[in-house]
Every structure is written in structure tokens, then in C-alpha cells.
Amino acid sequence: YSLRLWVWLGLWGPVSSPSWCPWYSRKIYMKITDLRIHSIAMADPPLRSSYGLHQPYALRNVVEVESEDGIIGIAETYGGERPREALENLRGKIVGADALRILGDLQTLTHGEGGGIERSQVNLVPGENPLDTSARTYAAIETACLDLVGQSVGKPVCDLIGGRVREKVSFSAYLFYKHGGGGGEGDDTREDEYGECLTPGSMVSQTRQMIEKYGFESIKLKAGVLDPEQEVETIRQLRQEFGKAYPLRIDPNSAWKLDTSLEIGRTLKEELSEGGYLEDPCAGLDDLCTLRRQLLAEGIDTPNASNVAVTSFAHLPENVNKDAVQVVLCDHHYWGGMRQVQHLGKICQVFGLGLSMHSNSHLGVSLMAMAHVAAATPHLTYDCDTHYPWQSGIDEIVEGGRIPITNGCVSIPEKPGLGITLDHDQLSRGRERYEKCPYRKRDDAAEMRKYVDPDWQRILPRW
Ligand code: GKR
Ligand code: MG
């Protein structure tokens, strides 16, 4: 009888119920048969920073890679023509390749151009730096391929890249001074959810509103917009209103001189303590190093954080030697992808640096990718940044609408890959918006001249 049973299993098992048959191995096809790039535009409110003013639309490129099994992996990256071209240039290598092997074949792209040592973000808006083009391009391909592979093998991306160490990823409330308006133009405008905000008092209201809606437990103020006294006053009022339980960060994107940074470091030593930081107060590792030394000598331990002076692995040795930046802001979109962010996390841990996460205007595909990489990066020591509250459901391209942020956190879905799919109707609306949009790259300075001050120049340091 037992011989007959084994014969039966051997003959019929693979046909009738392959998963429990010991001889059965399912063939998974991960050859990429198609690459699709969708250039889209989404409404973006008139947010201010030291770069200038956000345009009424932010641009994104959405990538789809399809396997011969018909499985589609997706990614979202920087928008406009140049990022699209960089992706297009790799079409010949991507189509026909295995979704996992291609990540090894292209991995030299993760370094970026020129090894990364010259790649400062002081003068260029993110996404427009030619020195990280290939790192950004690789990141988009990697995300889409990992989504495809995850779906093919039935595992979430965060588990595929090493395993999640957290089920939920926490984000901070990302506050911006802004003009009135919710983004978009003509008959395509969005509701101005937060209203104009150009004073300390209105910033407190903006924060209250954002925290009530999303439950964030830490606060980041985008500064470098008003006179430093006004921004200091804003931080003071935020501390007064929300108390020590909400760590505070301030980020003027290099708008301050070293002396101003020192002064503000002293003035805000209480407010920025206990989980806060000074993010890119001034430009360059040398000034950040002097700032750190001077503040420490005065007994002030507020760390410097950066996504402007430290943007590549090549910056790390000098940074560690100088102790200029104590908290590095990772971002898989331009650090060369998710696994490079994990490597960065390990290096930061070894050298006693903190790790936080940078963001740029984005939709739900990026948010979910950020959540997956954050979930699988053990040494992530701060809440991540996200621009997500500034975008509207009208522009969301994820099926089912906006990704929920609850108690300040995004939960990792128990679905394979990134756990989301594209809403193709919404995607084509995004493409139509892009077609109508008169610009093809982010230019906050031009927008500033158009709407605020025709003579505006980005002067650094300004104060
Ligand atoms: O959205 O205007 C903005 C920000 O200023 C952004 O461009 C920065 O890259 O969020 C970023 C930062 O932390 O510096
Ligand atoms: Mg920053």
C-alpha cells in the first residue's frame, strides 16, 4: 500500500496539488518583458524654503516593470524630463533582464557620478543634481524590481531585503511656511487645507491641525524663509504649545551664516534638546564642524543633521573625521536605493551617527517604498520626514486612495511586494496634468520671482 501511495503522489501530486508535493518546484518567471515610464504632475501648495517657492505642480516619474508572468513592479521617483531620459537610456538593459540579476548588473550606478564627493545639495533642488542621476535612476529600478520579485515570491519588500524590524514606521509633522493656496492652477486647484502661514502663530495652528489629523509625535520646521528671529520665535511657540514630548527640528537648508547658526544653537538649546536637531543650518562640513565644536564647548549637545552636506557615501569619511554632522538623512530615492540605505544605516551605527530620513514632494508609491526601507533598517534613530500631508487625494495614484498615516505611522501591509497597486485612471489624470504643465523640472527660484519678488535670488548664506 505504501508503495502505491508514493507512486500516486509522484504521478498526481504535481498536477492535483503541487504545493504539498515534495518533488514539486514552482518555476517563477522574473524576466522583465516591459518597462513603462509615466511622467505625471500633482498639485503642490505654495510651500517656501531657502530654495524659493514650490511650483503649483510637482513632477514625478512612475516606473512599471512587467515580468513574463504578467506581474508588475512599481516605483515613484523624481519628475520631469531628465530623470525620465536617464531611465529610458537603460531600457535596453532592463527589458529582457532577470528582475534580480539586473540589480547586480547595474549596481555601479549606486555610486552616482564622480564617486559622490562633489555631490552637495547646497545649490540645487533635489532631483536636479546631475551628480546623483545614476544613483536616483538605480533606486527607481531597484524599487520596481523588488516590488516585482516580492509579488512573484509572495513576500513584502521589507522582508525580501533582510526582514522588517518594525511593523510600523513613524513620521514627523513636516511644517512649511506657505502662501495662501492648496496647489494646482486654473480650474484644477486644490483646497487650501492649511491656509497662509507666514507667522509664528499661524505655524502653531498648522502644526495643531496636522498633528490632529495624522497623530505625528515629532515636529520638523522648514526654515530659511523668514528672518531668523521670527523662526526662533516659531520654535519657541511650538515648544510652548506642544511641550517636551514633541521633539523639534529646524531646517533652513544652509540659509544661515556660521555665526547665525551658533547664535540660534545657543538660543534654542532647550527647545532642540531631547530628540531634536539643527538640520543644515549652514553650508559645508567645515562650518558644521566648527558649529558642533563651539556648541559642545559651551555645553550644548544639539546634533547637526544633514541632507545637504552629506549626500553620498563618499562624504562619510570626512564627516566622521570632522564630526560635522551627527545625524545623516537617508533617502532611498537618491542614495542609490533601499539596500544602500541599509548599508548607510550600518555605517552610521558603527560610527555612532544617528539616521533619519529625508523627503521630497511625493505620492503614495514613494511613501510605501519609504516605509518598507525604514521597516528593514534597524539603525533608524529618528522619525522619518514626509511631504505626504501636503498632497491631495485627488492626485493619488495608488488604488484605493491615500495611504493612511495613523498615530504618525504607516503600517506595512501584509501583502507581497510594496503592497500597493496603481490606479490607472488616476495615473492618466496625472499624465494629462503633466502634458498641460508648462515646465519640465523643479525650479523654486523661478517660481519665487514669478509670484513673490521679481528680483529674488537665492543668496547663501542669507542671514
Ligand atoms: O520641499 O522645499 C522642500 C524641501 O526644502 C525639500 O526640497 C528638501 O529637500 O525636504 C528637504 C530637506 O529636508 O532639506
Ligand atoms: Mg533637510
Side-chain angles (χ1 to χ4, degrees), residues 42-60 77-80 119-129 132 136 171-179 183 194 197 206 218-226 231 248-256 261 272 276-284 288 303-312 315 324-335 354-363 366-367 370 382-391 441-448 451-452 456 458 460 462:
M42 64 201 182
D44 201 25
L47 308 181
R48 289 279 301 270
S49 77
S50 82
Y51 292 112
L53 173 69
H54 282 213
Q55 292 153 301
Y57 293 97
L59 311 178
R60 302 295 275 169
T77 185
Y78 290 97
R119 194 197 300 165
S120 130
Q121 271 306 136
V122 172
N123 294 312
L124 293 163
V125 287
E128 292 299 330
N129 192 336
D132 62 15
R136 282 187 273 120
F171 289 85
S172 60
Y174 196 166
L175 315 174
F176 281 83
Y177 294 109
K178 69 180 279 292
H179 298 273
Y194 295 93
C197 178
Q206 183 189 113
S218 53
I219 295 169
K220 160 161 167 168
L221 174 66
K222 175 58 62 183
V225 174
L226 307 181
E231 299 191 338
L248 293 167
R249 316 159 181 184
I250 184 164
D251 176 13
N253 288 107
S254 321
W256 301 335
S261 309
L272 300 180
Y277 48 68
L278 269 167
E279 184 174 326
D280 291 305
C282 45
L288 288 165
N304 291 330
S306 182
N307 61 274
V308 170
V310 178
T311 67
S312 82
H315 292 141
V325 167
Q326 293 70 48
V327 182
V328 177
L329 274 83
C330 68
D331 184 335
H332 77 276
H333 297 95
Y334 69 82
W335 271 88
L355 187 73
S356 188
M357 188 184 279
H358 166 264
S359 137
N360 283 124
S361 306
H362 63 89
L363 290 169
S366 274
L367 181 67
M370 288 153 78
Y382 290 87
D383 293 343
C384 304
D385 290 351
T386 177
H387 285 61
Y388 203 55
W390 294 105
Q391 263 58 60
K441 66 181 185 115
R442 176 175 169 189
D443 191 343
D444 293 21
E447 195 63 17
M448 198 60 191
Y451 286 104
V452 182
W456 195 84
R458 187 160 189 246
L460 284 183
R462 189 175 292 278

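Bear in mind the structure is a predicted one, so any value in this text is a computation, not a measurement. Counting starts at 1 for both ligands and their atoms, in listed order. Along the sequence shown, residues carry numbers from 1.
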**OP:** Spell out the protein N/O/S atoms under 2.8 Å from the Mg ion (ligand 2) as residue plus atom name.
**Re:** Asp251 OD2, Glu279 OE2, Asn307 OD1
Subject >> Ring geometry between Tyr334 and Tyr78 (parallel below 30°, tilted from 30 to 60°, perpendicular above 60°) >> reply: tilted
Original post:
Are a donor atom and an acceptor atom from the side chains of His362 and Arg60 found within less than 3.5 Å of each other?
Top reply: no
**OP:** Sequence neighbours left out, what passes side-chain hydrogen bond (donor to acceptor under 3.5 Å, both in side chains) with Asp383? Give chain and number order.
**Re:** Ser170, Ser218
**OP:** Supply the atom-to-atom distance Glu279 CD to Asp251 CG, rounded to the nearest 0.5 angstrom.
**Re:** 3.5 Å
Original post:
Is Glu231 reaching over with its side chain to a backbone N or O of Val225, donor-acceptor style, under 3.5 angstrom?
Top reply: yes
Original post:
Can we call the ring centroids of Tyr388 and Phe171 under 6.0 Å apart?
Top reply: no
**OP:** Side-chain contact test, heavy atoms from C-beta onward, threshold under 4.5 Å: evaluate it for Leu47 versus Tyr174 and give yes or no.
**Re:** no
**OP:** Just jot down the side-chain hydrogen bond (donor to acceptor under 3.5 Å, both in side chains) partners of His332, sequence neighbours excluded, or say none.
**Re:** none
Original post:
At a 4.0 angstrom heavy-atom cut-off, what protein residues surround ligand 1?
Top reply: Ser49, Tyr51, His54, Pro126, Tyr174, Phe176, Lys220, Lys222, Asp251, Asn253, Glu279, Asn307, His358, Ser359, Asn360, His387, Arg442
Original post:
Is the shortest heavy-atom distance from the side chain of Arg458 to the side chain of Leu460 under 4.5 Å?
Top reply: yes
